[in-house]
Amino acid sequence: MMTPGDVHVWTFPLMQGSRQIRELTLCLDPSERSRGERFYFDHLKRRFIVRHAFLRHILARYLSLSAPDLQFDQNAYGKPRLSARCNHADLRFNLSSSGEWGVLACMYGHDLGVDIEEQRLMVERDQLVGDFFSEQEIIQWEKLSDYDKDNAFFIGWTRKEAYIKALGLGLSLDLKSFSVSFDENEDHLLSGDNDKWRLVPFLTAPNYRACVACPQQAKTLSFFHIPELGSNDLFKNVQSPNKVVVFDR
Ligand SMILES: CC(C)(COP(=O)(O)OP(=O)(O)OC[C@H]1O[C@@H](n2cnc3c(N)ncnc32)[C@H](O)[C@@H]1OP(=O)(O)O)[C@@H](O)C(=O)NCCC(=O)NCCS
């Protein structure tokens, strides 16, 4: 059960067999199916279907609806939301995926953001830092050893993405206009709305970095992990969270 002030973060596997993909497709609406069809690469199409099916199944559970009954629209910058017609509880969410994993963060009544990235060798790493990170971030960056920079890059990137996704402004928000910390223990923004958000890093699987941007109204943060698709019941092996964080402000 999720109560006001709780944030739930779900992790789920994107790699599924053809039979599962066919079954998962059944809950998608015509616009999702046609979006799926537009992917040129089959593996991208499959991951799209799986993440949207998980999105529907997980959200439907909170609303006591069935997955195909959910309807979505989006804000002016493309951030998806549940349409008012099916969202009597004002459930908000954000979705992210990378490589083999998808993550979904949700809470009642307040927007939030989430980002996951598969950690890989980035030859253009320093170039990206120069292009997208703020002056304050670049000063922190230059003090790090080359070894620490590998992790720091993904901590910073997922924090920045989770924050812009929480605000829902897409890339109309200049990534250089705000600063995050590369220190995992520092979860506030280093500039601007620093007491309004917590940028909490989390690990989902080896070689993945993720971050959830929780609004100040968040009191607890619970992580749920779906390791694989159960035969009939997606949630069969997921009765309780595998980690809970309580915020003390
Ligand atoms: C599109 C964007 C919202 C996220 O893109 P992304 O990191 O490639 O993808 P993610 O998997 O994290 O998120 C995609 C999901 O975010 C959601 N989303 C779409 N627009 C959104 C918006 N304006 N705000 C929040 N969420 C949004 C959707 O649910 C989408 O899922 P879908 O494609 O299945 O519909 C945008 O922030 C972006 O393009 N970021 C890349 C910018 C960049 O270069 N950053 C470098 C930082 S160093």
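Atom set for the values below is all heavy atoms of this structure, side chains included, hydrogens, waters and symmetry mates excluded. Note that the structure is a prediction, hence the values are computed from the model and not measured. In each ligand, atom 1 is the first atom listed, and ligand 1 is the first ligand listed.
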How long is the straight-line distance from OG of S181 back to CD of Q136, given to the nearest 0.5 Å?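 Answer for the CD-OG pair, Q136 versus S181, is 9.0 Å.
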Once rounded to the nearest 0.5 Å, what's the spacing between atom NE2 of H110 and atom NZ of K196?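 Separation between the atoms: 13.0 Å.
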Among Y40, F39, F41, F54, whose ring-ring contact (aromatic ring centres under 6.0 Å, His included) with F48 holds?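 It is F39; the other options fail the test.
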Return the protein residues near ligand 1 (heavy atom under 4.0 Å from any of its atoms), ordered by chain and residue number.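 For ligand 1, the contacting residues are R35, R51, H52, Y77, G78, K79, P80, N94, L95, S96, S97, D115, F132, F133, W157, E161, I164, K165, G168, G170, L171, L175.
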Among V245, V9, L199, L221, exactly one meets side-chain contact (heavy atoms from CB on, under 4.5 Å) together with C214. Which residue is that?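 Among the candidates, only L221 passes.
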Aromatic ring pairing F182/F133, orientation class (parallel under 30°, perpendicular over 60°, tilted between):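 Aromatic pair F182/F133 classed parallel.
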Using a cut-off of 6.0 Å, state whether more than 12 heavy atoms not belonging to E124 lie near its atom CD.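 Yes.
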